[in-house]
Each structure stands twice: as structure tokens, then as C-alpha cells.
Amino acid sequence: MSHAKQLSIWDPGIVRGAARDVIGKLHPRTMARNPVVFVVEVGSALTTVALLRDMTAGRPGLGFEIQITFWLWLTVLFANFAEAMAEGRGKAQADTLRKARTESIAKRLIGPSVGSGSNRTPYEEVPATSLRKDDVVLVGAGEFIPADGEIIEGVASVDESAITGESAPVIRESGGDRSAVTGGTRVLSDWIKVRVTSDPGHAFLDRMIALVEGAERQKTPNEIALNILLAGLTIIFLLAVVTLQPFAMYSGAPQSVFVLVALLVCLIPTTIGGLLSAIGIAGMDRLVQRNVLATSGRAVEAAGDVHTLLLDKTGTITLGNRQAAEFVALDGVNERELADAAQLSSLADETPEGRSIVVLAKERYGIRGRELADKRAVFVPFTAQTRMSGVDLNGRQVRKGAADAIGRFVAANGGAMPVNLQAIVERISRSGGTPLVVAERTRPLGVVHLKDIVKGGIRERFNDLRAMGIRTVMITGDNPLTAASIAAEAGVDDFMAEATPEDKMRLIRREQQDGRLVAMTGDGTNDAPALAQADVGVAMNSGTQAAREAGNMVDLDSSPTKLIDIVEIGKQLLMTRGALTTFSIANDVAKYFAIIPAMFSATFPVLMTLNVMGLKTPESAILSAVIFNALIIVALVPLALHGVAYRAMTAEALLRRNLLIYGAGGVIVPFIGIKIIDVVITALHLA
Amino acid sequence: MNITRNLLIAVLMTIATTILLGLVYPLAMTAIAQAIFPDKANGQLVMREGRVIGSRIIGESFSSPGYFHGRPSAAGAGYDAANSAGTNLGPTSRNLVDAVKTAVAAAQKENPSAPVPIDLVTSSASGLDPHLSPAAALFQAPRVAAARRASEADVRRLVGAHIEPRQFGFLGEPRVNVLELNLALDEQWPIRK
Amino acid sequence: MTANGWLQILVYLLAILAVTPLIGRFMTRVFARERTWLDPVLRPVERSIYRATGVDETRDMHWTEYAVAMLLFSGVSMLVLYVMQRVQQWLPVNPQKFGAVTPDLAFNTAASFTTNTNWQAYSGESTMSYLTQMAGLAYHNFASAAVGIALAIAFIRGIAQKERDSIGNFWVDLVRCTLWVLLPFCVAGTLLLVSQGVVQNLRPYDTVTPIDSKEQVIAQGPVASQEIIKEWGTNGGGFFNANSAHPFENPTPLSNFVEMFAILAISAGLTYTLGDMTGSRAHGWAVWGAMAFLFLAGVTTVYWSEARGNPILAAAGADQTTTALAPGGNMEGKETRFGLANSALFATVTTDASCGAVNSWHDSFTPLGGMVPLVNIVLGEVIFGGVGAGMYGILVFIVLSVFIAGLMVGRTPEYLGKKIQSYDVQMAMLGVLVFPLVILALTGISVLSPTFGLASLSNRGPHGLSEILYAFASGTGNNGSAFAGLNANTKWYNATIGLAMLVGRFFMIIPTLAIAGSLGRKKRVAPSSGTFPVTTPLFASLLVSVVLIVGALTFFPALSLGPIVEHLLMNHGQVF
């Protein structure tokens, strides 16, 4: 897609922008929203004051104090930088979107607007921004649609590439499920009358821009809970450090404010504290990159919790259309003859079913496509009345269609249907296929077996989902027989056949009653109640405005399988937070081993036994811990933005894996990191 | 929620349960214990020559060379059974180390040939420990034997006979009841006063 | 360390293992008001109590009413105990004619016994009349234990039920716990202890004539009936100053075993009740396993450290070698009949629980041996823990563990089908905050004051810090054991430790009940393979890590200036 291009993590433009934003974020009012980083800022201010005091007093040997203060400020800046980076990525995408929102002129209709059946209606030209809800505008070929709305009259092809990135135009028409249009898209041909459905600033595009920029970011429930946990931990460590001073005084080893602040900053969870909002923004960003627009972060989190996925059969589980799978010839008919006739009848049939017959005939019998124009062929298109299609060619009348329709055709020509044809038709129906009978005037030839083709790899996808504890339910209008056979082939956990919107609603309610979260996709107006009821309702962008309003996400690609991606993104978002929290807390062990012996070794040289890293001097030990603490934030920015690697496995296995990497790793990594920094700063004679 | 009502219940509940648990229960248990285990319930007091000389399970102070001495006691002025206490001195306490040094020096003067068992020079928890470890009792055998004009081997045998094994063969530690051992000493090798 | 020592520890753990399902199942039945074999005797007593007090046993309470009822009961009974101490000189059953207890000490003691702490700033045999001991102190041993268990049951109900506002009736839980869970065992246990030599009488102190010294006054009293509830209710307040080291409280290794068994039995059983009532017994066992692991780690450290002994005393010429005839190791402040293994085991058990009974002085332990009880307490006494208090304490840690685990598997965290949301995390963090706040702040103030703070110390150097830290940890954690060299019977310590006990108890309980209420109102989410299971060894080890990290990381700086540096200094032979 055009705007959500894959940005590299260290995209120079974004890094530059982030670096600029960093300072602005230092304002205490901004900082107070993030208690962990706020504490670091207060600590840095404290050491700065102490440093100035020491400098004016002309105390010698301030190298250590200066460096500690410097790195503490750097810690604050790095934490801000992480957030600014995430916001910068969002802004980069928003800028592209904004280009689509260029100021345009709208033709607002005056007087009775509907039913004239023509585009010659009186209108006035007004700026698009002055449009209000329920205004009706006329949009002609080549013009931008000025606002989100619903087509009340007309049909047009629309270029929606500005928001979807898909360059092929789509058809939008009044009535039915394809009536919603988005402001900023362009009408290519024909004209439409659009009733505006949103006030300026609240249009789809505006919401999208706001979301990716993080401007409207509200903390999600889990984020709030995690923030409380982090704030609690910060208070606990604050207590531990503040009360350490009396203990140190009792022991005859009072500590300087530099050392105490250094210890505090190292202990409080600055890593996750600094990266937390970046993780949230990045999660939304990942969603946008996959062309999904969520109305809130809450919805993204809910996606991670989903127990049950309601999936539409068509398009999600099966390829959109049925395909010819077999030619079943009647007794006395050569299979090749049947294939030839079927192909002939389908040559002009541009439906996917028709094309698939041509393809199968070629694959099985090497029957090539023929150029029929010169043979004076007359095509008989499918109509709702005849319910068959075919071709008249050199006196031959080849037809294909439903069994009863072909039966009438044969009978009308004086022929009769053989008994065993009915048996074949029934067998195919029972197996979940669609029988298409082929006949030539009085002579039935056989049956084409049309089959739903389950998408490649979908079964594996469902297995993954099952491992993650997610149940898949296939929703289809097919009869139970057909549904069961496809369900079995696709490997879904359950199916609902002959499903009406009310059935869907009931199913969702039942699942929710049992405490399960449900996700579904939908596009039609009659899907709207279910979309609203579902915990995660993904509306197709191609769907009606009602559906888009009811759901809490919109898939711009209108791809039914997107639901699975959304669930994964939701999970990844939570996992990243959990993993970095664990990592952050686990880091404390090593920091204690670096700082505590350093603090008290002057008074109690025996405490150097705890200096397991063999850090050179007390100053270098404390400095190394502080530097490590600052650098690790930057080092983990890519992880925060990309999210931790996601694998489909059971919760138990997933937890074991993440505990090993981020828990055990979180204990070990800082031991190594601090030691290396100690070696470096000792070599540079910094401490 | 009715706070007044719950307050009333709280008062009545305190009264009712105090009667049941604070009076009926302990008094009934006293009556039953006195009936079934009169000796145990009253502290296993030991009579000699018509006088109560102590409790079988409460240590008492011995200082004469002819008696086995119990462990150092921090209860009152030493083995004050109305003031049970330990020293509560920590492992790096100078007072503790000095006390142990003094005790070790005194012990080594009596019996230079054997290492000084730790329990003989450290205070018990209650200050009323009625026991010594077998090693601590045996360590004192030379002094007691000399004072009682008995052979050291005989005294050691007497100690050996008074070693209480672990309960059920595995609970607790082997030990010697000092009062019982000393009463046996008096029985076997009376000191003429 | 000896093989026999380990055998005793092992037998002890097996006994606790064996009793867990028995007591656990029994408690489920009692609190679900199902029939038990004791009903014919106890049901009439129960009914008459409800009649006398006006309790409507069919009425369930919202968590706030439950909390209010609990607070009112604690408040009223605490006031009664305060008054009883102040007027004991005019009351009967006072053969030693003890006078009124001073106001600060009476407040401290009333707070102490009401909060199930049983911190003793007084010396029992020289301060309290027999009536005060029986009807005041021993009574609170029952009452505070029953309150604790009732709260744990209320919490478990909150997890087990769905979409309900009430979490049970406090008064009913209190009475049923007392009658069914506490009293029957105490009746049997009293007699068992008397058979071992624990005294049970109302006679005045005996004055005897020892054979080699002048005079000895032997304190007596109704000890056994108080001794058994002291352990069974994880109270810990000794009849005598020397607590369970006193031969009249704990005369034989068997009585010692019974007392240690009584300390952990109910709390271990509650893990099973947790599993039983929530329909996930495996979860109960996973919690049990995590606790047993921490228990073994603790007892191993203490036993190892005490058996290793004190190198300074070795240098002074004392022989600390363990042989068949000599205990060896660090015997300062330990009884001969218990030796190292039983002292190490008792110290671990009593601080794993919030009991605080001691059969040896933790103050005289080696630094690392003494650090384990201290760490056990600051971890929140959740290794089986105090009756009830251990259960609701560990549930707070479980909530936090599940929260972190839930995030790491990419779901909104759930605990047994209950979503853990910001309100629950908030309350859990409040509960967790109480400990460091009270302990570290009050210790910090005390160590800075040479007059009211440091004057009470009996040990100098790092050990002095440990003494004060232990005092506030023990008070806040409602343990009651002490580094008893600290003279805590001063106005400052009586007041501050008294407050610490009240805050540590009730500021822990109220957030806990709030979580119970919040969980009880929630839907129960059906489990799936995407839900992180709370029944596995992985969960148990995560729980262990969270307990250690939240507890130990907070106190590591303080510990490093106390026991840790003292250990290193001791190895270098330094004394203070």
C-alpha cells in the first residue's frame, strides 16, 4: 500500500524528527504521565543541583559526578526518544494520508436531492470542510469525494488507492452492500450522489491520521494495569533507596546523592517505562501497515484475547468461487466429449466458475481455447429466468446449468433425462459440491462437479490458532451437508450452516455468555448488529457504512483472512509489554551486584566478595550500571517497535520460551553488558 | 450494610466467644489434664527427703565440682525459672565471644585433654535447658570423678546409662538430663556434708 | 548436618503433605456448610451462639460489609484485651498478684494479639495473670486465627464464584472456623502436649530448693491449652518469655514435632481448599509445590549455616564438630533436646508461617541462618504462611504472577477464569507496598536515633541493624518472633511496632478483600490452551520467582548492610 510503506527502524528522517521531539517532551507536565521516567527526570534534576552546588563550592574531582548526571539525563532523553520514534513512524504515515485530504470543493445539492435520476440537479459549490452531516453532494467523474458518506443515488467506479493502496478501481453503488464511500477517494467514471455521514474532522481519514499519529491515543486497559504495576514497583524501589541512607549512616557509610539517584534509576523499571508507550503506538502502527484501522487500542488488545473466530466461508476458508473439479460423463458419453462441450459452453462465460471449466478441460484433456468469433457463435448468457448459459454454434445448442433448468431445456427440445443423471447430481450435492449439468439439445452429456476450493495453507493456520487456544467457527449459507464437508476439509472446529444474521447474533451471545471473546468480519448492513455485538468486529472497507460504523476495526483491503493477522498483532502487543517488563525487572539482579558492593566497599571491604563481575573501581561500577541502564533502552527500541517474535504455540510453551529469553536473559545480559562497559570506561580512563 | 447491627453483634460475639474459648475451654482442659496426667500437668516436680528439689524438666544451677554443671544460663541470675531467657547475643558480639572464651578457658583447666563441646560454653535458649549433650557431660567426668573420689570410667559409665536416645529413634538429639544424672551421682557416691 | 537431621526434616514435610488434603477437604466442607462428622456436637453450639449474638446465618455480605464486620470484631475484642490488661490486678485467677500492665505495653500487646502477631514486648511469666493469659491472650489466639481463615475463605469464594456481589457471612465463617477447625484439634492437642510434660494448672509458682543452689521459683500456669492454639492458629505468643524453648512449653522432641506440625497444617490445607473450592485441585497442589520449594530452600540454608557454626567461636576454642555425642555447630541460644536440625526447622517453619513461636533464639543464629527467618517474613509469610493470612498473601502474589505471565502469552491475564484488570493490580500493589513502606521507614527512623532507637540494642555493628529491621518486619508481617536482643518494651517501640502490626494486618486485608469482591463479580472465562495454566511446575516456578523478586529485591540493600555483611565480617573474625 502506498502510505504504509515498510519503514526501516532507523529511517533517517524519523530519527531526526524524533531527536527534535525529545527535548520538548522534557516538560514535567508531559513527563508526569509516565511515572517511571518522571522519577528519572526528578532524579536527574536533583543530581544537577548537587553538581552545581559542588562546582560552585569548587570541589575537586567532579568527573564522576558530571558523568553520572550526564548519563541520567541521557536516560530520560533515550526514553523520550523511544516514544518519539514510534510517534515519528506514525507521523510519516499520517503525512502521506494528509496528502489525500487536500482542500477540495464540494457540490452541495440544493433542494430535493434524491430521485431525480440524473446529475442535472441544482447545486452550490462550497469548500469540503464546510460540509455537515446529512448534506448531500454530487460527485462527478474525475472529482474527489469530499467526505465520508453513503451513496444514495448512482453508480460509479472509484479509485480508493489513497487509503487502501489498491490501484484497481472499485464499483460503488447506491443500495446494497457497496454503498459506502470514503472522503479523499476519487470517482473515475459516472456520477454519484452522496449523503455525508460525518462532520469535518471526524471523517474516516481524520480518525486514521489521528490514530497513527498517536494524538488520540488513550491508554488501553492492560496498559493502565501495567502502568500501575510499574508505578508500584517504582515506589517500592524509591522506598528501598531512600531508606538505604539511614542504614548507610548507621553503618558509618553515608552515600552521596549521585550514588543514591544512580541506584534508584537503575532499580526502577526504566526499560519498560521508557518503551511502554512506544510499544502501544507501534502496535497500532503494525495494524495500519496491514491496512487495518482500529477505532481504539482497546480493540487491538481485545483481539489478543479472542477465544472464538467467526469466519465467513467464502473468501476466508475457500477461494471466493467454486471451481470445476471433475467431469462426470453419462453412460455412452465420452468424458472428453463432455469436457469439450462444457468448455465450449463456458468460453464466453467470464464468471470464475466458467473460467475454471475451461482451465480444467485444458488440464485434463488438453482442450485448447478456441477463437469463436469466426464461427458465428451466439452466446446465451445466464439469466435468472433460464438459470443456464451456453452457446449456439453451427446449429449446436450447448447449455450448462442447474439440473432442473437443463431438464426443462432438454424436455423442451423433446429429449429426456436419464435416470442415473439424478443419482450423479445427488451424489455431488451430498459431497458438498455443486452439480452443473451439461446438455446438447436433446442429449444430456454429463455433469460438471463444481467444488469449493479450500485455500492452501488454511488448515495449518487453523491448527496454529487451535494451539493458541482459539476456536474457529465457519459461517456459511450452505446447507449443513455441504458445510460439514467443507468444514472437515478446512479443519475448522465448528461450523454454522444456513446461517442467518440472527443465527450469528445468537452464536455470539452464547459464546459471550460462557465468557468467551468473539471476533468476526462482516460487510453487509445486516451484519451490523453482530459486528457491534462481537468483541472484535472487523468491517470490510468495501462494505456498507452501517457495517463500518458498527465494527471496531475496518479492513481496508477487505480481506477476510485479515482477522487472523489482527489476533496475532493483538497478542504480540501484549507479549512485548510482558516480555520487556520481565526483562526490566530481571535486570535489577545484576545492577545490585554492581552497585551495592561499590557503595559500601570503602567501609566494608569484605563486601567486594559480592563484586562478582570484578568491576574495576566503585566509580566505574556505578557508572557502568547507569550507562548500561541508559543504553539498553535504545538497544531495545527495535524490539519495542517490531514486537517480540510471535509463534503459534500453547500458552505454556510460549511462556516457557519468553521466560527463558526475557527472564533468564534479563538476568544474564546486564552482567555481561555492565562488565563490558566497565572495561571500556576503565580503558578510556573515565572512571 | 448495617454498621450498628454489626457493632452489636461484634460486642456480643466477643462476650460469647470469650466465655467459650477463654474460660470454658482452658478450665475444662485443666480439669481433664489434672485428672489424667496429674504429674505432667503440674511440672513433674521431684521430691527428695520430703522436699521439692525442682522439676525434672527444668534445669537448675550446679556449681560444686562434684556435680555435673548444666549449660550457661541467661535466665535471671542463672536458671531462674520465673525469668526464662537466652542471651540473644549475635554471632559477632564481643560479649558473646568473651563469655565463650572465659568458659572455654575454665573448661580447659579442668579437662585439657578433650576439645570443649560447644553446648557446654554457650547459653541455651530458655536458660532452663535441663540437658547436656553426652559429649558435654562426658567432658566433665574427670572433674566429677575426682570430686566424688570415683573412677572416671565409672562416672563415664553412669553418664552413658543416662543418655536419653532420640525419641522413637529419630526425633530430637541424644541428651543427658543433668538433674537426674546428679541425683544418681548422689545416690552412688554420696558427698558427705 | 546429619542424616538423622535431614530425616526429621523430611518426615516433617511428608507429614504436612499427608495432612494437606485431609484438612483441606474438611475446611471446604465446613465453609460450604456441608455435613461433617462433628455436626451432632457442634451444630447446637453454633446455633446457640447465633441466637445469643443475633447473627442471621442465611445472610451473605458484600465485601465491604464483610470488611466492616471484621474490623468491628477486631476493634471490640482488641479494646477488651487492652482493658483486661489494665485492670488485671482487680480480677481473679492472678495467684502471682501481677499489677496493671503499662498503657503503652498494654496497647502494644492488644494490637499484637488482635493482629495474630503475638509480638511480645513483655515477659509472660512476670507480667500477665493467668486470667489475662487465658481469657485475653489465648482467646485472641483463637479469634485472630479464625478471622484470618475466614478472610482466606472469603477470598477463595471470590475466585470460585461468578457474577455475585457477596462473599459470605463474616460471623458465620468466624464461628464455624472456631468451632470446627480450631477447637477440636486444640482439645486433642492439649492432652497430647500434657502427656509430653507441658503443664496445665492454675497453681501459684512453686518455690523449690535445688540440691546445689539456694532457691528456685518455678513458673506454672494453664500452658498446654494456650500452647496448642499458639501453633494451630499461627499466633506464636509464648506463655513464658522463652516461648517454645521453655521446657514447660515444649518439653520433648515429640511435643516439638507436634507444635511444628500444628503451625503449618492449616495453611497447607488451605492450598487444597483453594483447589477444591475453585475446582482446580491441581492449582492447589501447584501452589503447595511452590511453597514447599521455598520452605526447603529456607530450611536448608538455616541448617547448613547453623551446622557450619561460628568461626569466631571456633577460634575461641569451642569445638563445633558434630558427632554422635555432640551437637556441634552454633548452639548459642538453642536447646540441647532440639539440637541444630529441629532449631533450624522450627525457625523456618515459624517464619514461613506468621507464627513467631520460637524454640531457639534467632538473634543468636549465624548471620545467614538468621537472615532466612528475616527473609521469610519480608517475603510476606506466604510459604504456607499464617492461617488464612498466608493464603490471602500468596493470592496477591498469584495475581501479580498471573498478570505478568498473562501479558507474556499475549492475553489479558486471567486467574482461574477471572480477568485480572487494573483495579485488581492496583489493590495487589497496595498490599505489596505496605511491607516495604512500614518496615523500611520505621527501621530507617529508628537507626538514626541514638536515644529511642539504638539505646534498645544489645548487639552492635551490622547485627544491630538486623535486630531493628527484624523487629519492624516481624511486627508488620504479623509474625511476632524477634531478634530478641532488642529491648522492645520502650514507649517508642511499643507504639511504632504496635502501629506497624495494625497497619500490616488491616492495610493488607482490605485491598485483599477488595480483590476478592472484584473477582467475585466477574464472569468466569472458559479456559483454553491459550490460557496460561496455573497448575504446572512452570507456574509454580514463576510464582516462586515473583515472590522472591518482589520481596528480596526490595530488601536486598538493607540485608546487605545487615546479615550479609555480618556474615562476611564473621568469616574475617571481626566482632563488635
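Everything quoted here is computed from the prediction, not taken from an experiment.
Neither the backbone nor the side chain of C:N243 comes within less than 4.5 Å of any heavy atom in chain B. Residue C:V187 touches chain B through both its backbone and its side chain, counting heavy-atom pairs closer than 4.5 Å. Contact annotation for C:Y50: neither backbone nor side-chain heavy atoms come within less than 4.5 Å of a heavy atom of chain B. No part of B:I15 comes within reach of chain C, as not one of its non-hydrogen atoms sits under 4.5 angstrom from that chain. Proximity to chain B involves both the backbone and the side chain of C:L254, based on heavy atoms less than 4.5 angstrom apart. Residue B:F139 does not touch chain C at all, counting heavy-atom pairs closer than 4.5 Å. Interface remark: B:L20 contributes side-chain atoms only to the contact with chain C (heavy atom separation under 4.5 Å). Interface residue C:V80: only side-chain heavy atoms are found under 4.5 Å from chain B. For chain B, the nearby parts of C:E566 are the backbone and the side chain; heavy atoms of each come within less than 4.5 Å. At a 4.5 Å heavy-atom cutoff, C:L486 makes no contact with chain B through either its backbone or its side chain.
In this structure, C:F142 and B:T17 have side chains that are not in contact, with every pair of non-hydrogen atoms separated by 4.5 Å or more.
For the 3.5 Å distance criterion, the side chains of B:S126 and C:E335 qualify, holding a donor opposite an acceptor.
Separating the CZ atom in C:F73 from the OG1 atom in B:T14 is a distance of 5.0 Å, to the nearest 0.5 Å.
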